[in-house]
Amino acid sequence: MNETAPKDYRIAAVDRALLVLEALADQPDQGVTALAKSLGLTKSIVFRLLHTLEERGFVFRDPERAVYSLGYRVGVLGERVGREGSLLSAARPVMDALRDRTSENVNLVVRDGLRSLVVATREGLHSIRLFAQAGRNGPLHAGGGSLCILAFSEKSIIDEVLASPLEAFTPYTITDREKLRQALERIRANGCNVAINDLDEGAFSVAAPIIAADGDVIAAISVAGAVVRFDEERREAYMQAALAAAGEISQRLSLHRSDKDEAESKARSAG
């Protein structure tokens, strides 16, 4: 008997349930057959996993099309992640204020590998609105927050995105690599990004980068809504509002880091 062999403490059912959630995060609106094929599981197992997750609110089933997407409880957990000073904790009150100031949707977006991920949202107050749910994965080369994050990412990430296929989501998506590189340069020069119709036709997004205490851009906050409401006056106002919100969140993160460093220094001195 090999006593040095690593022990496997994984619970298979939990592992499979997490695989289902990750698959739906990458590609919403999948049915049992498609999920079973992509995950290499039987349809019976996938059906039972989906039924359990649906009962707990972690997935949502569209009864008309018999497809599944992430449920509301995924967003609830995301909203509860972290303690005082974490990105979500620092962003919550700022997102509320930005939504109240603009009446538009507000999204908090991070980079997840070579994809973007909406980690928190605030729904706009207009009757006509486009609302991205927390947990939505998207491309990095399209969308206000996504492009903003990509523009401030390290060179290796930018090069990898530019080297990959650039899918067109609308006629306005930038799929030419040189034009995309130029767009990223403009975003860095302007300090923010304004996207119109490039990811969701009929939608605009104005995004600004959030900077961690170490100087790295770790997220973007965006104001988004229907293009029919977007004029030059709102464009300028939303740019200023997004930049101010991103600056406030960045400052909150920096202050928390300073407080934490001071507390750790005192603890070392006392020891």
Side-chain angles (χ1 to χ4, degrees), residues 79 87-111 116-134 136 138-153 169-174 179-180 182-212 217-255:
E79 286 280 349
L87 174 61
L88 285 170
S89 295
R92 285 188 191 111
V94 182
M95 293 180 70
D96 290 336
L98 184 58
R99 186 271 315 279
D100 294 342
R101 178 177 175 180
T102 63
S103 297
E104 302 287 1
N105 302 327
V106 173
N107 301 316
L108 185 66
V109 184
V110 300
R111 181 173 64 81
S116 64
L117 175 65
V118 178
V119 293
T121 61
R122 294 296 184 269
E123 188 169 1
L125 306 178
H126 294 287
S127 57
I128 302 176
R129 55 182 179 265
L130 298 169
F131 186 48
Q133 292 185 333
R136 174 183 176 179
L140 283 176
H141 71 280
S146 303
L147 267 173
C148 187
I149 292 172
L150 180 60
F152 292 97
S153 294
F169 298 93
T170 76
Y172 304 95
T173 306
I174 301 176
K179 289 182 179 178
L180 180 57
Q182 292 171 4
L184 298 177
E185 292 175 356
R186 286 195 299 271
I187 294 169
R188 287 192 293 271
N190 295 333
C192 64
N193 180 38
V194 178
I196 301 176
N197 292 320
D198 70 333
L199 181 57
D200 298 299
E201 200 157 1
F204 75 86
S205 179
V206 179
I210 295 171
I211 304 171
V217 170
I218 59 169
I221 187 168
S222 69
V223 177
V227 169
V228 293
R229 289 191 299 272
F230 197 55
D231 53 25
E232 282 302 316
E233 182 178 350
R234 286 189 175 90
R235 179 190 180 100
E236 184 62 30
Y238 292 171
M239 284 174 59
Q240 296 305 319
L243 285 166
E248 183 175 350
I249 296 171
S250 301
Q251 184 178 30
R252 285 169 175 260
L253 292 171
S254 181
L255 288 173

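Side chains are part of it too, since the values below use all heavy atoms of this structure and drop only hydrogens, waters and symmetry mates.
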Sequence neighbours excluded, the answer for ring pair (Phe, Tyr, Trp, His ring centres under 6.0 Å) partners of F152 is none
Applying salt bridge (Lys or Arg N to Asp or Glu O under 4.0 Å) to D96 and not counting sequence neighbours gives R122
Residues at least two apart in sequence or cross-chain that pass salt bridge (Lys or Arg N to Asp or Glu O under 4.0 Å) with R234, listed by chain then number, are D231
Checking side-chain contact (heavy atoms from CB on, under 4.5 Å) for the pair R99/L125: CA distance, chi angles, key distance, verdict? CA-CA 8 Å; R99 186 271 315 279; L125 306 178; 3.9 Å; yes
Taken to the nearest 0.5 Å, the spacing of I174 CD1 from Q182 CD works out to 9.0 Å
Rounding to 0.5 Å, atoms NE2 (H141) and OG1 (T173) come to a distance of 6.0 Å
Taken in chain and number order and not counting sequence neighbours, the residues that satisfy side-chain contact (heavy atoms from CB on, under 4.5 Å) with I211 are V217, S250
Name the atoms and distances for all side-chain donor-acceptor pairs under 3.5 Å in residues 236-244, with sequence neighbours left out.
{"residue": "E236", "atom": "OE2", "partner": "Q240", "partner atom": "NE2", "Å": "3.1"}
{"residue": "Y238", "atom": "OH", "partner": "E104", "partner atom": "OE2", "Å": "3.3"}

- Message: Counting C-beta onward and ignoring hydrogens, is there a side-chain heavy-atom pair between V110 and I218 closer than 4.5 Å?
- Response: no
Taking the side chain as C-beta and beyond, is there a heavy-atom pair between R235 and I196 under 4.5 Å? yes
Correct closest heavy-atom pair for L87 and L108 would be CG-CD2, 4.1 Å
Taken in chain and number order and not counting sequence neighbours, the residues that satisfy side chain to side chain donor-acceptor pair (under 3.5 Å) with S116 are S146
